[in-house]
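Since the structure comes first, as structure tokens, the remarks are kept for the end.
Side chains are part of it too, since the values below use all heavy atoms of this structure and drop only hydrogens, waters and symmetry mates.
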Amino acid sequence: MRNLKVSAQLIIGFVIMLLFICVLGVVSYQQAEKIHERTETIYDHPLQVRAAIGRLQSDILEMRLETRNLLLAKNKDEQQSALTNTSLAQDDAVKQFGILEDRILGPKTDVENAYEDFLSWKTERDDNITLALSGEIEKVKKSVKNDGRVGIYREKMLAHLNNIDNFAKNNAVSLYAESNKLKDSLNIKLFLILCVVVVLSLLILIYLLQNIRKPIKELTDVTSRFRNGDINARSELTLKNEFGALA
């Protein structure tokens, strides 16, 4: 290395330090990707699951409200409006169950059980709609109570949805805790790599400076001695670069 030209030494030192910077950049990129993966998992699964459950609960409430509107309807138009709104909420509920089935990370048993209860609830509600349209309001009122046919399936369905929601919430908390641990671990790793890069860069810089300053100092000393009358002054440098040629 010492026999290389000064420009070659500087280029090699620069390239090595550039490689260190590239390594540091790659490690930083990998850190960002790992943290992003955790964030993406939280968004794509627990967050989407809880959002779907919120929509489902809203749809269920909407269907219950439209049942009341159907019972209170005074004409065909009001009845048709209640039935239309019920159908829309029902279709959206089916869509949300699909999201739950696709996004939940844990066992899908609760989703399957909740959907079965939803279908049973829908069947009983369809019977209630028929009763309501035929004027048998009291039977419908009895059925929609918590201990009625419709009420029982509704409460079972809501219980399963609550289990799914709790699982998603706990899963999100767990993923967040893992993300914090990962962040701390990666920060320590990055700090250690940064320290190594800084130390190695300083060592390379010191080595290059010595390779340049030491020959210059020796040549300067020999030149000074010769100028001061020591005609036997000679340089002992045997380098094969510009300093050797100058010596």
Side-chain angles (χ1 to χ4, degrees), residues 1-52 99 102-106 166-247:
M1 182 79 176
R2 294 181 62 191
N3 287 314
L4 294 176
K5 290 186 176 182
V6 174
S7 60
Q9 293 186 39
L10 292 175
I11 290 172
I12 291 173
F14 175 77
V15 169
I16 292 175
M17 286 189 283
L18 188 61
L19 288 175
F20 289 157
I21 294 173
C22 290
V23 169
L24 191 61
V26 169
V27 172
S28 299
Y29 174 78
Q30 290 176 340
Q31 281 184 289
E33 281 296 304
K34 288 180 179 179
I35 294 175
H36 173 71
E37 286 175 6
R38 290 291 190 279
T39 305
E40 192 174 37
T41 301
I42 293 174
Y43 176 80
D44 286 341
H45 296 282
L47 184 60
Q48 295 296 328
V49 166
R50 299 200 73 192
I99 294 175
D102 181 58
R103 297 302 179 96
I104 191 169
L105 290 176
N166 287 333
F167 179 86
K169 180 175 66 176
N170 293 333
N171 192 28
V173 171
S174 176
L175 286 171
Y176 179 73
E178 289 178 10
S179 296
N180 282 333
K181 289 181 180 179
L182 178 64
K183 182 198 70 173
D184 294 339
S185 173
L186 293 177
N187 283 341
I188 293 173
K189 180 180 178 182
L190 184 61
F191 176 75
L192 292 176
I193 292 175
L194 180 61
C195 289
V196 171
V197 168
V198 170
V199 170
L200 291 178
S201 297
L202 287 175
L203 290 176
I204 291 173
L205 180 62
I206 292 171
Y207 179 73
L208 290 175
L209 288 174
Q210 285 181 340
N211 283 355
I212 295 173
R213 293 175 64 183
K214 187 175 180 181
I216 290 177
K217 184 178 184 302
E218 182 171 344
L219 288 173
T220 302
D221 290 342
V222 171
T223 302
S224 178
R225 285 164 51 201
F226 191 86
R227 186 176 61 233
N228 292 330
D230 185 1
I231 59 175
N232 294 318
R234 295 292 184 272
S235 172
E236 297 180 358
L237 289 176
T238 57
L239 301 176
K240 298 179 181 180
N241 55 15
E242 297 95 331
F243 293 123
L246 186 59

Phe226 versus Asn232: any side-chain heavy-atom pair under 4.5 Å?
no
Applying side-chain hydrogen bond (donor to acceptor under 3.5 Å, both in side chains), which residue pairs with at least one partner in residues 184-194 are found, sequence neighbours left out?
none
Please set out all donor-acceptor pairs under 3.5 angstrom arising from side-chain atoms of residues 209-221, sequence neighbours excluded.
from   : atom 1 : to     : atom 2 : distance (Å)
Asn211 : ND2    : Gln9   : OE1    : 3.1
Lys217 : NZ     : Asp221 : OD2    : 3.3
Glu218 : OE2    : Glu236 : N      : 3.2
Thr220 : OG1    : Ile216 : O      : 2.6

Around Tyr207, counting heavy atoms of other residues, nucleotides and ligands shown, do more than 12 lie under 6.0 Å from its OH?
yes
Mind checking whether Leu208 and Val6 have side chains closer than 4.5 Å, heavy atoms only?
no
Looking at Phe167, is its backbone amide N or carbonyl O close enough to the side chain of Asn171 to form a donor-acceptor pair, meaning the two atoms are under 3.5 Å apart?
no
Compare all side-chain heavy atoms of Ile104 with those of His45 and state whether any distance is below 4.5 angstrom.
no
Find the distance between CD1 (Ile193) and CG (Leu186) and round it off to the nearest 0.5 Å.
9.5 Å
Side chains of Arg103 and Asp44 in contact at under 4.5 Å (non-hydrogen atoms)
yes
Indicate every side-chain donor-acceptor pair of residues 199-206 with a distance under 3.5 Å to a residue at least two apart or in another chain.
from   : atom 1 : to     : atom 2 : distance (Å)
Ser201 : OG     : Val197 : O      : 2.7

Can you name the nearest heavy-atom pair linking Ala52 to Ile99, along with the distance?
CB-CG2, 3.9 Å
dist Leu190:CG -> Ile188:CD1 (nearest 0.5 Å) comes out at 11.0 Å
Please examine the side chains of Leu175 and Pro46, heavy atoms only from C-beta on, and report whether any two atoms are closer than 4.5 Å.
yes
Reported CD-to-NZ distance for the pair Glu178 and Lys181, which is rounded to 0.5 angstrom:
7.5 Å
